[in-house]
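Everything below concerns the one structure shown next.
For clarity, every value in this text was computed on a predicted model and none was experimentally measured.
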There are 2 protein chains.
Amino acid sequence: MRDAPAPRARPTMEDVAARAGVSRALVSIVFRNQPGASEATRQRVRDVASKLGYAPDQRARLLGRKRTGQLGVAFGLQHGFHGELVEAMYAPAEHTGYELVLTGFAPSRSEGRAIDDLLAYRCEAVIVVGPTMRTRDLVALSKQLPTVVLARRVPGGAVDVVRTDDIDGARQATQHLIAQGHQRILHIDGGRAPGAAERRRGYRQSLVAAGLDPMPFIGGGLTEMDGARAGNTVAAMLRRRRGKPSAVFAFNDQCALGLLQAVGAAGFTVPDDLAVVGYDDSRVARLPWVELTTIGQDVRELAKKAVDQASARIHHPADRLETIVSPELVVRSTSRATKSPRR
Amino acid sequence: MRDAPAPRARPTMEDVAARAGVSRALVSIVFRNQPGASEATRQRVRDVASKLGYAPDQRARLLGRKRTGQLGVAFGLQHGFHGELVEAMYAPAEHTGYELVLTGFAPSRSEGRAIDDLLAYRCEAVIVVGPTMRTRDLVALSKQLPTVVLARRVPGGAVDVVRTDDIDGARQATQHLIAQGHQRILHIDGGRAPGAAERRRGYRQSLVAAGLDPMPFIGGGLTEMDGARAGNTVAAMLRRRRGKPSAVFAFNDQCALGLLQAVGAAGFTVPDDLAVVGYDDSRVARLPWVELTTIGQDVRELAKKAVDQASARIHHPADRLETIVSPELVVRSTSRATKSPRR
DNA sequence: GCCTCCTACTAGAGCGCTCTAGTATGTTAC
DNA sequence: GTAACATACTAGAGCGCTCTAGTAGGAGGC
């Protein structure tokens, strides 16, 4: 890049002004849709601009302005769910008058570096999607500029957070199974993953509230492999005479999928031998041969709240808020009662 | 956003210069790692800067510079594969001295809008990942500024392209099946999807070269559902006495997965009754209960070539190149010979 | 001594916009 | 006629950097 030539020169506002026979300021007025230009002039300026292939230079634009009107978003390039959230942010951002600046993180590119980019662009606020960085770093960031953490819990109340109510989601899943007549319900947990602690709690609360005994957690995880491993454990339990489980609430859909696989391979039938509920309502959960009952997160709502909250924080830096969005149970065939009610 | 307050004032180069007792220009030199400052001064400036929480303003930086050094990347927020490619671009971009500016497209946000953002940021070149927009629009874009289309074929040679050699991939898949002794090999095709025509061609060429008869294409598609539908057709063929296929090459892994499901549900065994090869080497293909033989695209290489080519195009705008990266066969158990060789 | 050369630094003009504070040219009121 | 007030437009000072063209001052050569 050392000896690179200057890039193809693109027309500036000056060029447009000259060709249209007006001042630079007037062109600026036209492009900002501000009052102060006649309709005829506006049209002329627009025509000239499009003839020249002119588009305002965003960098200069932002520099001159008091505010940048930019909202930075850092998200995981590998997480399909993050992509969905980002997509859903565009509409509310536009509506609120902000522009989104994206930066991705991944195993090969740390969250810190991604966020540095956003700082350099002078975003007015940042939305960090599902970060794994330490709470203290997030707190430090939030002292530098308004920060909203999306889809992750941050204890301490020092940072703005928008997330799904995982306790409620786990509760819905468990209560659904209870309502189906299940009494011995297992939870394949997510270990130290974000949300795992809440899901454990929601599961346990529901059982206790229904007068049932929580069963010990089975170590699970986030992936199909983790689920399959747990599934083997569950299959072993199913072979016992007494005390065998009749339903499982898995940490997420991928985990549930692995579990379904292992349990099926061991010769058991879902939902007759074992009902299964996942979490996330991912695409695979909807496949006709999977039809996994699951808990759906409200992507649209999460994205909108995150943008709104970032905007609110720009106006009132002192506040701090934790917004919790309710998830929704999606009943499919892995948990539907098929035969007689159980006892 | 109308009556928003000015954002928290952040320190400027001026502030750092004043506090360090040097000129603005010197601070600039330090932050650009240019020669012209003593080591002691560098250290002092750096210290002061970090004490003030100063980071150079990217907008101003780019404005002042002749070149922006920015590479725009437009990608699909919903495509996991796009995310992987973007991730793999960061390293080569840094190495070449460019910075990546990301913008996403999705059903709710058109590719055109995404690209407009990149134009506004005065990127020196853009890399468009797997666009579905019309060829003529891509050609028009490439006239405005250096453009590289990644992971899609663009006929006419008017646009720079970096893509996987799908003909070769299909050939590898088919030849592998032939080498395993299969003689009646089906192709579940991808219809009008990008790459589908090439994969059909590669499949047919290999069969003809081996003196075998290509079988009629089975209408497939990109999703598990499409694969399952095709799978039912294949299962019906397997029940016949004569002329039944012994292997299938599916358009992609998702399609292959649906097919495996349908064929399995119909009571057939893989790979004994039917060998299956997919395409993409996606995460699911690696699951131990799937172990799908597939064709892997070289993400790292694709990303690197895309960045290199964008950089080359900035220097030599007149050229146009089509870079084709070879895919690689990954043999797993859905195609491994298990019993006797077939005739 | 003076001249040259090097290193360490500074002055100041942009970059392409935005935005405040104007100036012209009506139009209306009285 | 002129004051009052629109509306349509312009001048020009920033915004926070980069970068060219300089200056100051010390080391070294002869």
Any side-chain heavy-atom pair from B:Leu71 and B:Glu99 closer than 4.5 angstrom?
no
Please answer whether the main-chain N or O of [Y] pairs with a side-chain N or O of [X] as donor and acceptor at a distance below 3.5 Å.
{"X": "A:Ser311", "Y": "A:Val307", "result": "no"}
{"X": "B:His82", "Y": "B:Gly76", "result": "yes"}
{"X": "A:Arg59", "Y": "B:Leu62", "result": "yes"}
{"X": "B:Asp15", "Y": "B:Thr12", "result": "yes"}

Of the listed D:dG16, C:dC17, D:dC19, the closest approach to the B:Asp57 side chain comes from D:dG16
If you check every side-chain atom of B:Ala25, which of D:dG12, C:dG12, D:dC9 has the closest atom?
C:dG12
Rounded to the nearest angstrom, tell me the gap between atom [atom1] in [X] and atom [atom2] in [N].
{"X": "B:Gln70", "N": "C:dC15", "atom1": "CD", "atom2": "C1'", "result": "14 Å"}
{"X": "B:Leu62", "N": "D:dG16", "atom1": "CG", "atom2": "P", "result": "15 Å"}
{"X": "B:Leu63", "N": "D:dT18", "atom1": "CG", "atom2": "C1'", "result": "10 Å"}
{"X": "A:Arg59", "N": "C:dC15", "atom1": "CZ", "atom2": "P", "result": "12 Å"}
{"X": "B:Arg122", "N": "C:dG16", "atom1": "CZ", "atom2": "P", "result": "9 Å"}
{"X": "B:Glu14", "N": "C:dT10", "atom1": "CD", "atom2": "C1'", "result": "12 Å"}
{"X": "A:Gln34", "N": "C:dC17", "atom1": "CD", "atom2": "P", "result": "16 Å"}
{"X": "A:Ile29", "N": "C:dC17", "atom1": "CD1", "atom2": "C1'", "result": "13 Å"}

Look at the side chain of B:Arg67 against the base of D:dT18 and say whether a donor-acceptor pair falls under 3.5 Å; ignore hydrogens and angles.
no
NA contact type, B:Ala37, heavy-atom cut-off 4.0 Å: base, sugar-phosphate, or nothing?
sugar-phosphate
So does [X] get a side-chain nitrogen or oxygen closer than 4.0 Å to the phosphate oxygens (OP1/OP2) of [N]?
{"X": "B:Tyr54", "N": "D:dC17", "result": "yes"}
{"X": "A:Thr41", "N": "D:dA8", "result": "no"}
{"X": "A:Ser23", "N": "D:dC9", "result": "no"}
{"X": "B:Ser38", "N": "C:dC9", "result": "yes"}
{"X": "A:Ser28", "N": "C:dT18", "result": "yes"}

B:Gly21 or B:Arg65: which one's nearest nucleotide on DNA chain C is closer to the 5' end?
B:Gly21
